[in-house]
Amino acid sequence: MLRTVGVLTAGALAGGALAGCSAKNQVPSIGYAVDAVPLSYNGGSTLGANGGAAAVFSRVLTGFFYTGPDGQQVADTDYGTAKQVPGDVQTIQYRLSPEGAYSDGVPTSCDDLVLEWAARSGRFTKPGPGGGQVPMFDAASTAGYRDIEKVECQSGSKDATVVFRPGRHFLPWQTLFSAASLLPAHIIAQATGVPNIVSAVQSADPVVMGKLAQFWNTGWNLTPGKVDTKLFPSSGPYRIDSYSDSDGLVLVKNDKWWGLAPRTPRIVVWPKNTDMKKKMSDKAIGVVDIGAGSVKDLDLSGFSVNQVPGRGAEQLTLSTSGVFASADTRRAFGLCVPRKALFDKLGHPGFDQKSGLGSGPLNSRITQADSLYYGPSSGAGNKYAGGDTAGAQQALSSAGVSNPTVRVGYRAPDDRRAQTVAMIADACRAAGITVVDAGSPTFVPTQLGAGVDAALGGTAGAPGPAGSLSGIAAAAALYTGQGLNFGHYGNGRYDAIVDQLAADDNSTNVLNLRAEAENLLWNEMPTIPLFNTPRTIAFGNGMQSGIVNPTEAGAGWNMDRWVLRR
């Protein structure tokens, strides 16, 4: 049975109150199993965003906002305050908490905002291997940041003023400078020998910026067994203590945190490559947040289980080179992929929604299924219910392609995604398309176009928690040149629509733009949306303040409030 977040919140709090009155003892360490694969501390990088940084590090690296249970941006006033200043040019005033300091004792400052803007503005480039310029920083998305003209900041100050370019406006500005993306500028300064990040960005010396970019891209990568915790200071209730394959990613109480102390001193994050069944039998897990059906025959007795549709889009991201260089071939594949049958069998386990999220095959890439704009803007997807063998053969003929082979990659093991690929293979065989399961425990969507032709995952190729109300990652995943655009799709009109949607709140314009975008995307088929990714979010009996959050932030969005009594 599907429980709404509101009902669950009340139930969790009521249950917590009862647990508090019982004679059970509080567990000092809670295991958190999530199907993200933490690859980088840097949630603003392509690697970090795809590795689920928001689901793992939102209470380690805090920011002005975080993603709440309904996918909305929620202000985190412990970190600081942000307010929009009236005027012709969009201006946001940020003030960091006077008490704010990293776990190594260095105060938080506006230098951190300047670093984030520099890395994600897209303005710092270098010569590319094939000629032309490419970004120095491997940013997941430049959305919003590319519209900022300057960040006014005196190095070391707690105040910053962000001024947007004249004529540019970014409506979802609360997605900027948020949890899991604001990084410690003092660490990059020490590592690169660049003493003043603010001055360096203002002077824009390409050699200096190249040094900063190199560390920003890779210096915060996470390799089990090789984590130097001095490079990973925390600005939240928890800090990284250790990371290994055997013991998981261990987060412990940050004694320098200036807000409410975490209620449980230790959280152990067990990522996707963990033997979950063994950890469950060892009673090492108190919270589960995974794709529904991804772990076959998982025993969740002793847990309060919630099967819910996520805000992420389960989808196939197609390469725009190789076998899928032609839009006709991509359309052929789209016609044979059995979207309706996939939804019926795999898309709504344990729930039956009449409308909104999880109520049918997903017909939009950039509009949430519970939005008023969804129905009127996504009709173009109706012709792609799947199983149109004749249409697929005709499209292949138009492309001059016969008997293509499509390799579908995903992060394995994942039983539901393995079943998805098998059903696609069966349906497309009749159209002359051979589909190969290329799932792998080391798969990352950057392999698209090389080792595989299609990537099966959530929004922006994420293996685990994904999606938000703003849909920033969903739009960026098809925007030319973005880090999350793993299929290297490019369409100038689509880019212009995304830019206009970020600035225009006129409902008629928004509807027309969203409809135009989906018509264009169903015609060019850079991705094939399947359904809202179903999530299994479960809390061990005796858990207090466990609240379902089927978004990019995952169940761990409020881990500092968790209490488990046994």
Hey, are the side chains of [X] and [Y] touching, using non-hydrogen atoms and a 4.5 Å cut-off?
X    : Y    : answer
L39  : L222 : no
P534 : V308 : no
V408 : L316 : yes
T264 : L564 : no
M280 : F303 : yes
R411 : L456 : no
R416 : P349 : no
Y243 : V269 : no

Side chain to side chain contact (heavy atoms under 4.5 Å, CB included) evaluation trace for I424 with L342: CA-CA 8 Å; I424 293 170; L342 286 167; 4.0 Å; yes
Do the side chain of [X] and the main chain of [Y] share a donor and acceptor less than 3.5 angstrom apart?
X    : Y    : value
Q368 : S468 : yes
S234 : Y238 : yes
T62  : R59  : no
W522 : N363 : yes
S377 : Y373 : yes
N532 : G358 : yes
D560 : P237 : no
Q73  : L469 : no
T527 : P529 : no
W216 : G219 : no

To the nearest 0.5 angstrom, please state how far the [atom1] atom of [X] sits from the [atom2] atom of [Y].
X    : Y    : atom1 : atom2 : answer
T459 : E552 : OG1   : CD    : 9.0 Å
L231 : I187 : CG    : CD1   : 6.0 Å
N306 : I547 : CG    : CD1   : 11.5 Å
S545 : M559 : OG    : CE    : 13.5 Å
S235 : L182 : OG    : CG    : 7.5 Å
L318 : L448 : CG    : CG    : 7.5 Å

With sequence neighbours excluded, residues passing salt bridge (Lys or Arg N to Asp or Glu O under 4.0 Å) with D228: K230
Set of salt bridge (Lys or Arg N to Asp or Glu O under 4.0 Å) partners for D414, sequence neighbours left out: K272, R417
Looking just at side-chain N and O atoms, do [X] and [Y] make a donor-acceptor pair shorter than 3.5 Å?
X    : Y    : value
E314 : T533 : yes
R365 : Q315 : no
T367 : R514 : yes
T536 : Q307 : yes
Y102 : D112 : yes

Evaluate whether atom [atom1] of [X] has more than 12 neighbouring non-hydrogen atoms of other residues, nucleotides or ligands under 6.0 angstrom away.
X    : atom1 : result
L300 : CG    : yes
K340 : NZ    : no
K277 : NZ    : yes

Test side chain to side chain donor-acceptor pair (under 3.5 Å) applied to S29 and R266, step by step: CA-CA 5 Å; S29 177; R266 185 174 184 267; 2.8 Å; yes
Please report the shortest heavy-atom distance between [X] and [Y], naming the atom on each side.
X    : Y    : answer
L251 : V56  : CD1-O, 4.0 Å
L176 : A143 : CD2-O, 3.6 Å
S378 : S364 : CB-CB, 4.1 Å
A53  : G43  : CB-CA, 3.6 Å
A140 : A49  : CB-CB, 3.7 Å
V435 : F333 : CG2-CE1, 3.9 Å

Residue pair F64, F177: steps toward the ring pair (Phe, Tyr, Trp, His ring centres under 6.0 Å) verdict: CA-CA 6 Å; F64 290 98; F177 307 110; 7.1 Å; no
Check ion pair R120-E116 (N to O, under 4.0 angstrom): yes
Ion pair D70/R311, N-O distance below 4.0 Å: no
Any pair counted as side-chain hydrogen bond (donor to acceptor under 3.5 Å, both in side chains), so long as it reaches residues 33-45, sequence neighbours left out: D35-R535
Residue of the set L346, L362, V337 for which side-chain contact (heavy atoms from CB on, under 4.5 Å) holds with L530: V337
Ring centre gap for F531 and H348 strictly below 6.0 Å: no
Intermediate values then yes/no, side chain to side chain contact (heavy atoms under 4.5 Å, CB included), R429 and T434: CA-CA 6 Å; R429 191 175 294 115; T434 300; over 6 Å; no
Geometric class of the W562/Y32 ring pair [parallel <30°, tilted 30-60°, perpendicular >60°]: perpendicular
Side chain to side chain contact (heavy atoms under 4.5 Å, CB included) between V227 and F232, worked out: CA-CA 9 Å; V227 172; F232 301 89; 3.7 Å; yes
Candidate pair T46 and F486, rule side chain to side chain contact (heavy atoms under 4.5 Å, CB included), full reasoning: CA-CA 10 Å; T46 301; F486 297 110; 3.6 Å; yes
